[in-house]
Amino acid sequence: MSNPDKPRSTRSRSQSLSASPPRQKLQSRRNSSTGASYAPRRTQAERSETTRTQLIEAAIKLVRANGLSGLRTVEVAELAGVSRGALMHHFKSKHDLVVAVIRHVNEISRIESARRATLAKRADKDPIKGIIEDAHDFYFGDYFFIELAIAMSADAESRVLKRETFQTSRTSRFSVEAAWIEALVATGIPKQVAENVLALTLSVVRGFSVRMLLQRDPEQFSHLLKLWHSILRHYLDSELAPSSKKRGS
């Protein structure tokens, strides 16, 4: 005889739970039905790295605008849109911030130059043009002027910075030069000729960038760099000409 007080459903609690879709699945269905997409939440490490990069980029802008002596950490925090405490969490002092800036800009420059040098090995590329453009972007950009600001400063703080950042800059630039030498050699240019082309080009472009401190005439500099490209082409044609042709000229 059946008990009238007993529930009619014979399903167990575990069966009832398994029959109901989990909340996560329900949410996924709602998202798919509305067409909405949600980016995964960033980790603490990712958020921390983003803040660090924002601070470095803000410092780059301020050094370029006001010089190294005019850099104020409170302004860096304001421009980056973070609190002073967040800045102090990443960089205990202005010195630490500037060291991080130098390392950051040299690494970015090294990666970009290596990418360009690799592309310059292709048969349809002009490696001389590539070197000039790469040197122009570095020596006429913010990165070089930050290093120049440190090099030209004579105070005790800057002397310490020079010692701490010298090896970073040296290693980065030598790596860039090695990449371009390799690219030139890959196109059939003898190594000694490639070294001559690179050393002369870097010196010419660097000289023009320093000249910008006295004369801001981008059109003139652009004209002179095109002229330098033409001079280099004549030099390469001469060096790469067959020996018999050289003797006859």
Side-chain angles (χ1 to χ4, degrees), residues 60 63-64 67-68 101-121 125-154 158-159 161-241 246:
I60 291 171
V63 172
R64 186 68 175 90
L68 183 63
V101 165
I102 293 298
R103 290 173 178 168
H104 178 81
V105 299
N106 274 286
E107 181 62 10
I108 289 178
S109 174
R110 184 193 66 78
I111 292 172
E112 176 60 16
S113 294
R115 184 189 68 82
R116 285 176 161 176
T118 299
L119 289 176
K121 297 177 184 179
K125 296 293 183 180
D126 179 356
I128 304 303
K129 181 180 179 183
I131 289 174
I132 292 175
E133 289 178 348
D134 189 54
H136 179 277
D137 286 353
F138 177 75
Y139 287 114
F140 280 77
D142 291 344
Y143 298 171
F144 174 66
F145 279 94
I146 291 173
E147 296 189 357
L148 189 63
I150 294 174
M152 294 176 66
S153 299
S158 296
R159 286 195 294 271
L161 275 172
K162 288 177 192 178
R163 289 196 299 269
E164 292 198 17
T165 60
F166 172 77
Q167 191 57 47
T168 296
S169 299
R170 176 186 172 90
T171 301
S172 174
R173 296 317 299 169
F174 279 0
S175 175
V176 169
E177 292 180 17
W180 279 112
I181 294 294
E182 181 182 334
L184 291 172
V185 171
T187 63
I189 299 174
K191 185 175 181 181
Q192 184 57 59
V193 176
E195 291 175 350
N196 293 343
V197 167
L198 182 65
L200 287 168
T201 299
L202 295 180
S203 297
V204 167
V205 179
R206 184 169 55 243
F208 285 152
S209 73
V210 175
R211 179 75 181 175
M212 283 280 287
L213 299 173
L214 304 174
Q215 176 189 4
R216 291 187 173 274
D217 193 346
E219 291 185 5
Q220 174 68 357
F221 292 152
S222 177
H223 166 72
L224 291 173
L225 288 176
K226 289 178 181 178
L227 177 59
W228 176 244
H229 181 273
S230 177
I231 291 171
L232 284 179
R233 293 308 324 176
H234 285 296
Y235 168 64
L236 286 176
D237 289 344
S238 174
E239 288 296 324
L240 298 178
K246 289 184 180 179

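Here, residue 1 is the first one in the sequence, and each next residue gets the next number.
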What's the spacing between [X] [atom1] and [Y] [atom2] if we round to 0.5 Å?
{"X": "R110", "Y": "F138", "atom1": "CZ", "atom2": "CZ", "result": "13.0 Å"}
{"X": "R116", "Y": "E112", "atom1": "CZ", "atom2": "CD", "result": "5.0 Å"}
{"X": "L232", "Y": "K129", "atom1": "CG", "atom2": "NZ", "result": "14.5 Å"}
{"X": "H223", "Y": "W228", "atom1": "NE2", "atom2": "CH2", "result": "14.5 Å"}
{"X": "Y139", "Y": "L202", "atom1": "OH", "atom2": "CG", "result": "5.0 Å"}
{"X": "I128", "Y": "L236", "atom1": "CD1", "atom2": "CG", "result": "5.0 Å"}

So, do [X] and [Y] sit near enough that their side-chain heavy atoms are less than 4.5 Å apart?
{"X": "I131", "Y": "L198", "answer": "yes"}
{"X": "I108", "Y": "Y143", "answer": "yes"}
{"X": "E147", "Y": "N106", "answer": "yes"}
{"X": "F140", "Y": "H136", "answer": "yes"}

*Is it true that atom CD of Q215 has more than 12 heavy atoms of other residues, nucleotides or ligands lying nearer than 6.0 Å?*
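Check passes, neighbour count above 12.
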*asked:* Given 3.5 Å as the limit, does a donor-acceptor pair link the side chain of S222 with the main chain of P218, or not?
replied: no
*Is there a donor-acceptor contact under 3.5 Å from the side chain of T165 to the main chain of L161?*
yes
*Scan D137, D134, T118 and name whichever one has a side-chain hydrogen bond (donor to acceptor under 3.5 Å, both in side chains) with S113.*
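In the set D137, D134, T118, the residue that makes a side-chain hydrogen bond (donor to acceptor under 3.5 Å, both in side chains) with S113 is D134.
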*Is it true that R211 and D217 make a salt bridge, defined as a side-chain N closer than 4.0 Å to a carboxylate O?*
no
*Under the side chain to side chain contact (heavy atoms under 4.5 Å, CB included) criterion, do F145 and L213 qualify, and how do the steps go?*
CA-CA 10 Å; F145 279 94; L213 299 173; 3.9 Å; yes
With a cut-off of 3.5 Å and sequence neighbours excluded, list every side-chain donor-acceptor pair involving residues 186-197.
| residue | atom | partner | partner atom | Å |
| --- | --- | --- | --- | --- |
| T187 | OG1 | L184 | O | 2.6 |
| Q192 | NE2 | N196 | OD1 | 3.1 |
| N196 | ND2 | Q192 | O | 3.4 |
| N196 | ND2 | Y235 | OH | 3.2 |

*Taking only residues at least two apart or on different chains, which pairs with a member in residues 169-185 satisfy salt bridge (charged side-chain N to carboxylate O under 4.0 Å, His left out)?*
K121-E182
*Between V101 and V63, does a side chain to side chain contact (heavy atoms under 4.5 Å, CB included) hold up when you go through it step by step?*
CA-CA 10 Å; V101 165; V63 172; 6.0 Å; no
*Examine R206 relative to F144 and say whether NZ or CZ is less than 6.0 Å from the centre of the six-membered ring and inside a 45° cone about the ring axis.*
no
*Taking all atoms of both residues into account, what is the closest heavy-atom pair of A117 and A179, and its distance?*
CB-O, 3.6 Å
*Passes side chain to side chain contact (heavy atoms under 4.5 Å, CB included), L225 versus E133? Steps please.*
CA-CA 9 Å; L225 288 176; E133 289 178 348; over 6 Å; no
